[in-house]
Amino acid sequence: MAGGPGRYAWGEEEKAELLDLMETGNLFRYGEIGKDGFKGKVVTFENEMAERLGHKHVVATSSGTSSLLCCLAALGIGAGDEVIVPGYTFIASISSIVLSNAIPVLAEIDESLTMDPTKIEALITPRTKAIMPVHMLGNPANMDAIMEIANKHNLFVIEDCCQAVGASYKGKRVGTYGSLGAYSLNTFKTITSGDGGFVGTSDDDLYERAFGFHDQGHKPCRQGVEVGNRSMVGMNFRMNELSGAVALAQGRKLDTILGMLREKKARLKSQLQGIEGLGFRKINDEGECGTLLTLLFDTKELADKFCEKAGTAPIAKSGWHVYNNMEQILNRVTASPANCPYSCPKYEEPRKYYAHMLPQTDDILDRAVNISVGVVDKGLGAGTGINLNSTNEEIDQVAANIKAIIESCR
């Protein structure tokens, strides 16, 4: 079945949390714990996840996309502001910037498949307000280098942790380096509530603004339907108690899931070492999630041959995670400058977006192939491989199959 590690880890714990909730019928996230049967699943999840990941505050949301929008709103990023974001990421990283009326500036990736820090400074202009590194496929971005650049140029950092819940870099969880971190609980993510997400921060003011934007401007943490005390105009990105119940149970399994993923990936990867013409993406820290094994072939030709025989596709053809395949972005910027949605009246030249504008990214993704470890998702080009519950025998068989296919391509 398709899905992420959390879906494969579904069990009695999630059922118990849901049954505990269903006995009350109170599915709204607000209330007074113990009154009218209110269980406080969402707020308990927020408190536990904050402690687990090292944030002072967590705000549970309806999705990873809404989490990104909350981060941008909390920082006041809007019209005319530029945000640097990698060209390899899920569309939401870019669309959240667009929907904030800001301007996405696409950056190259390196062989870690995350933002290339050596290419960032050339993209900075007087309009740049933030950098949005994406911990893509569970692999932490090079946060030391990115934070150094951000501090040098006085820029905000929003960490897109949607594909990397629980990953760590240099002993700290991802999401705790920047001003805020955005996370997803979608069915394809490390842990899941079907859909959902959360924002993490240790800044009190940013917490209040992120909370307000996610709930019609209310200040944290209301218990009912207060009138007044709204600090800003906001949206409704609240998580309900049903999602909160599942997220609570899944969050308690997070580190167990990560341990299983890393162990299974290590077994698979160890059997593919030393094959001529084959390497792997660069791992910036061993605290990565281990959700996928990315093969990095020496040439596009070898990658294409492998994919043809394996019944898969290189990452370059893996849907809305590659800027070249984001037709809703590329098509919109074919308009004249006067109508370009990413231009701003006070700036003369709009940003241009077009296919193959990031040659380094294109070259890497043409040669890269994803093998599932915990995330089974054709949308990531990872519809084949192993999953969280694969046995050692199954892992060994997948490794043997991969080796045999590569050998047949020579």
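We number each residue from 1, following the sequence as shown.
The CD1 atom of Ile131 sits 5.0 Å away from atom CG of Leu155, with the distance rounded to the nearest 0.5 Å. Interatomic distance, Arg7 CZ to Asn387 CG, rounded to the nearest 0.5 Å: 11.0 Å. Separation of atoms OG (Ser112) and CG (Asn284) is listed at 4.0 Å; rounding is to 0.5 Å. Rounding to the nearest 0.5 Å gives a distance of 12.0 Å between CD1 of Ile84 and CD1 of Ile158. Between the CG atom in Leu180 and the NE2 atom in His55 there is a gap of 8.5 Å [rounded to 0.5 Å]. Of the inter-residue distances, the one linking Asp20 atom CG with Glu241 atom CD reads 10.0 Å to the nearest 0.5 angstrom.
A distance-only check finds no donor-acceptor pair linking the side chain of Ser93 to the backbone of Thr89 [under 3.5 Å]. Between the Tyr177 side chain and the Tyr169 main chain, a donor and an acceptor come within less than 3.5 Å of each other. Between the side chain of Ser100 and the backbone N or O of Gly78, no donor-acceptor pair lies under 3.5 Å. Within the 3.5 Å criterion, the main-chain N or O of Gly287 finds a donor-acceptor partner in the side chain of Arg262. Side-chain atoms of Thr24 never come within 3.5 Å of backbone atoms of Phe38 as a donor-acceptor pair (strictly under, hydrogens ignored). The main-chain N or O of Ile364 is never found under 3.5 Å from a side-chain atom of Glu111 such that the two would form a donor-acceptor pair. Listed for the Thr192 side chain is a donor-acceptor partner under 3.5 Å among the backbone atoms of Gly194. The backbone N or O of Gly379 sits less than 3.5 Å from a side-chain atom of His321, completing a donor-acceptor pair.
Side-chain atoms of Thr118 and Asp116 form a donor-acceptor pair, as typed in the model, at a separation below 3.5 Å. Of the N and O atoms on the side chains of Gln397 and Asn401, at least one donor lies less than 3.5 Å from an acceptor on the other residue. In this model, a donor atom of one side chain and an acceptor atom of the other lie less than 3.5 Å apart for His135 and Glu159. Between the side chains of Ser67 and Thr61, at least one donor-acceptor pair of N or O atoms lies under 3.5 Å. Counted by atom type alone, Asp195 and Ser63 present zero donor-acceptor pairs between their side chains at under 3.5 Å. Looking at Thr201 and Asp203, their side chains never bring a donor and an acceptor atom within 3.5 Å of each other.
Shown here is Lys269, whose NZ atom has more than 12 heavy atoms of other residues, nucleotides or ligands within 6.0 Å. More than 12 heavy atoms of other residues, nucleotides or ligands shown are found within 6.0 angstrom of CH2 on Trp10. Residue Gln273 places its CD atom among more than 12 non-hydrogen atoms of other residues, nucleotides or ligands, all under 6.0 Å distant. Few gaps surround NZ on Lys172; more than 12 heavy atoms of other groups in view lie less than 6.0 Å from it. Glu148 CD: 12 or fewer foreign heavy atoms inside a 6.0 Å radius. Within a 6.0 Å sphere centred on CD of Gln216, other residues, nucleotides and ligands contribute more than 12 heavy atoms. Summarising the local packing, CG of Asn236 is surrounded by more than 12 heavy atoms from other residues, nucleotides or ligands at distances under 6.0 Å.
The shortest distance between side-chain heavy atoms of Met239 and Ser62 does not fall below 4.5 Å. Two residues are said to be in side-chain contact when any heavy atoms from C-beta on lie closer than 4.5 Å; Lys15 and Leu18 fail this criterion. At least one side-chain heavy atom of Asn324 sits under 4.5 Å from a side-chain heavy atom of His356. Side chains of Glu17 and Val246 form no contact here, defined as non-hydrogen atoms less than 4.5 Å apart. Considering only heavy atoms from C-beta on, Asn26 stays 4.5 Å or farther from Lys39 through its side chain. The shortest distance between side-chain heavy atoms of Asn240 and Val42 does not fall below 4.5 Å. Counting heavy atoms from C-beta outward, Gln163 and Lys189 have side chains that approach closer than 4.5 Å. Contact of the Glu208 side chain with the Pro220 side chain is registered, since non-hydrogen atoms from C-beta on lie closer than 4.5 Å.
Using a cutoff of 4.0 Å between basic side-chain nitrogens and carboxylate oxygens, Arg267 and Asp396 are scored as salt-bridged. Here Glu13 does not pair with Arg252 in a salt bridge; the nearest charged N to carboxylate O distance is not below 4.0 Å. A salt bridge between Glu82 and Arg351 is present, with a side-chain N of the basic residue lying under 4.0 Å from a carboxylate O of the acidic one. Look at Asp144 and Lys170 and you find a salt bridge, because one of the NZ, NE, NH1 or NH2 atoms lies within 4.0 Å of a carboxylate O, short of that distance. The pair Glu394-Lys264 does not meet the salt-bridge criterion, since no charged nitrogen lies less than 4.0 angstrom from a carboxylate oxygen. The pair Arg209-Asp205 does not meet the salt-bridge criterion, since no charged nitrogen lies less than 4.0 angstrom from a carboxylate oxygen. Taking a cutoff of 4.0 Å between a charged side-chain nitrogen and a carboxylate oxygen, Glu288 and Lys265 qualify as a salt bridge.
Here Tyr323 and Tyr88 keep their ring centres 6.0 angstrom or further from each other. Less than 6.0 angstrom separates the ring centroid of Tyr207 from the ring centroid of His57. Side-chain rings of Phe45 and Phe198 approach one another, their centers coming within less than 6.0 Å.
Scanning both residues, Ile149 and Pro117, for their nearest heavy atoms gives CD1-O, 3.4 Å. Here the closest heavy-atom approach between residue Gly175 and residue Tyr183 is recorded as CA-OH, 3.3 Å. Taking every heavy atom of both residues into account, Ser202 and Gly54 meet most closely at OG-O, 3.9 Å. Contact record, Ala368 with Thr294: CB-CG2, 4.0 Å, taken as the closest heavy-atom pair. Between Trp320 and Met326, the shortest heavy-atom distance links the atoms O-CE, 3.8 Å. Nearest approach of Cys70 to Val199, heavy atoms of both residues: CB-CG2, 4.0 Å.
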Problem set entry | Audit row: Asn139, Arg281, side-chain contact (heavy atoms from CB on, under 4.5 Å) steps and yes/no | CA-CA 10 Å; Asn139 186 21; Arg281 68 169 165 165; 3.3 Å; yes

For this session: Evaluate the criterion side-chain contact (heavy atoms from CB on, under 4.5 Å) for residue pair Met49 and Leu53; output intermediate values, then yes/no.
Result: CA-CA 6 Å; Met49 192 57 73; Leu53 298 186; 3.7 Å; yes

For this session: Output, in order, the C-alpha distance, side-chain angles, deciding distance and verdict of side-chain contact (heavy atoms from CB on, under 4.5 Å) for Asp204 and Lys56.
Result: CA-CA 8 Å; Asp204 293 343; Lys56 186 176 180 181; 2.9 Å; yes

Problem set entry | Check against side-chain contact (heavy atoms from CB on, under 4.5 Å), Leu21 and Leu27 | CA-CA 8 Å; Leu21 178 66; Leu27 308 183; 4.0 Å; yes

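Ring pair Phe306/Phe297 is tilted by interplanar angle, where 30° to 60° counts as tilted.
With Phe156 as the aromatic partner, Lys129 does not meet the cation-pi criteria of under 6.0 angstrom to the ring centre and within 45 degrees of the ring axis. At least one test fails for Lys219 against the ring of Phe211: distance under 6.0 Å to the centre or angle within 45° of the axis.
Shown are Val398, Ile406, Ile402, Ile371; of these, the side chain to side chain contact (heavy atoms under 4.5 Å, CB included) with Leu272 is made only by Ile402.
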